[in-house]
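Everything numeric in this text was worked out from a predicted model, so none of it was measured. Both ligands and their constituent atoms are indexed starting at 1 by order of listing.
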Amino acid sequence: MSKALNTTQSEAIFAKAQTLMPGGVSSPVRAFGSVGGTPIVMAKGEGAYMTDVDGNRYIDYVLSWGPLVLGHAYPKVVDALQKAVVNGTSYGAPTAIENELAELIIEVVPSIEMVRFVNSGTEACMSALRLARAYTGRDKIIKFSGNYHGHADMLLVQAGSGVATLGLPDSPGVPQGTTAHTLVAPYNDLDAVKQLFADNPEAVAGVIIEPIAANMGFVQPQEGYLQGLHDLCREHGALFIMDEVMTGFRVAVGGAQEAYGVDPDITCLGKVIGGGLPVGAYGGKKEIMAHVAPAGTMYQAGTLSGNPLAMTGGLTTIQELASDGVFASIAEKAEQFANGMRAIADKLNVPMQVGQQGTMFGFYFLKEANAVISNYDDAKAYADTERYGKFFHLMLAEGVYLAPSQFEAGFMSHVHNETDIQNTLEAAERSISKIVG
Ligand code: HOZ
């Protein structure tokens, strides 16, 4: 049952944070910019739950924005990390565990034959693009509006995630020259990409896409769209780059490329690959990866890349996820949740678009009953962010932590149980009833 939330400590800590860090946060999407109010300051994560500094407990569907597919402080992960940490946190030298994680990734992600570890999804995407440019000897890239590939200069053009959440223009500080080679197309529109290729003959190094757009809400690709992009890249000598930072190990163990049977040239990974520690990676065909230094001449490096703690977090997490029945059971719970939300929307006659695939989901409150969101323009036109803001705060008071933005996806974990999902759906029904009642 809904209770008034005591957030005294959260407010005090966040007030001080604002004097110390820009906006009081280490990353903008945490700042409750589009839902209003003061961010909740967290003290502990355990299983499917987070507890804040005032002692309020929440069922967590943000899961650190995706990485915690096994939930918070999963015992096997904690145990492995405890064993690893006593041997030191980083050597700046090769380790055997890098081989283990690399081998596992190559085994489960269909297109990857060789991989380079970095420290974040941002690094993975910017390195993948440098590689595509080095490999093809071309400068231009095609991205999609509302897709977010981290905060590298050339990719902060019509970006999703915090840029969309906060309604920011393309970021100041990004020189025009840096984005001069970035071409932008609407998501789910193959003809627009055909046109860009036609207008820029033999100039496009690569097309980078979030195979499911999960930084403008949750928008799935239309039938044949990803394969169509892949084929256009082949036809024009460009590389097809799938940014699977969010979808990797999430929409199938082998990511969206497994789910849709599409074969990218380069894949970007992050989030789950570190099991909650900072890791990213990019990988692909051997022939392409052979261009990365020191095997080749495309330079990219990192002091903490491949450190044993991060490798341990990722290896233990993916091994568990890939073990018998684990992924399927998480996906089943995500489906149950999504179906439950659809049923509530129908029952209360509230226009809503609910999406789910594998262990990810997302829902939009719609401004118009028959609206369908299939790209970023649709999301901006039809997503009722005001209604979402009200819903978000009512759910917080109910003890459910959702993304503080309608332009972000939701995540299920291995440790969410039937009762958690049932309680969440009951809370959602009460909250929506209050909004429309
Ligand atoms: N990459 C995530 C957005 N979907 C959130 C991470 C962040 O920006 O803090």
Discussion item. Please report whether ligand 1 has a polar contact with K271, defined as an N or O pair separated by less than 3.5 Å (distance criterion only).
Written reply: yes
Worksheet item: Does any N/O atom on S27 come nearer than 3.5 Å to any N/O atom on ligand 1?
Response: yes
So, [X] and [Y]: side-chain donor and acceptor under 3.5 Å apart, yes or no?
{"X": "E46", "Y": "Y74", "value": "no"}
{"X": "T267", "Y": "S111", "value": "yes"}
{"X": "S405", "Y": "Y388", "value": "no"}

With heavy-atom distances below 4.0 Å as the criterion, list the atoms of ligand 1 near [X].
{"X": "W65", "value": "5 (C)"}
{"X": "E408", "value": "3 (C), 4 (N)"}
{"X": "N215", "value": "3 (C), 4 (N)"}

Worksheet item: Between A124 and C268, what is the shortest heavy-atom contact and its length?
Response: O-SG, 4.0 Å
Fill in: Any M246 heavy atom less than 4.0 Å to ligand 1
yes
Discussion item. In the structure I gave you, are the side-chain heavy atoms of V62 and F411 within less than 4.5 Å of one another anywhere?
Written reply: no
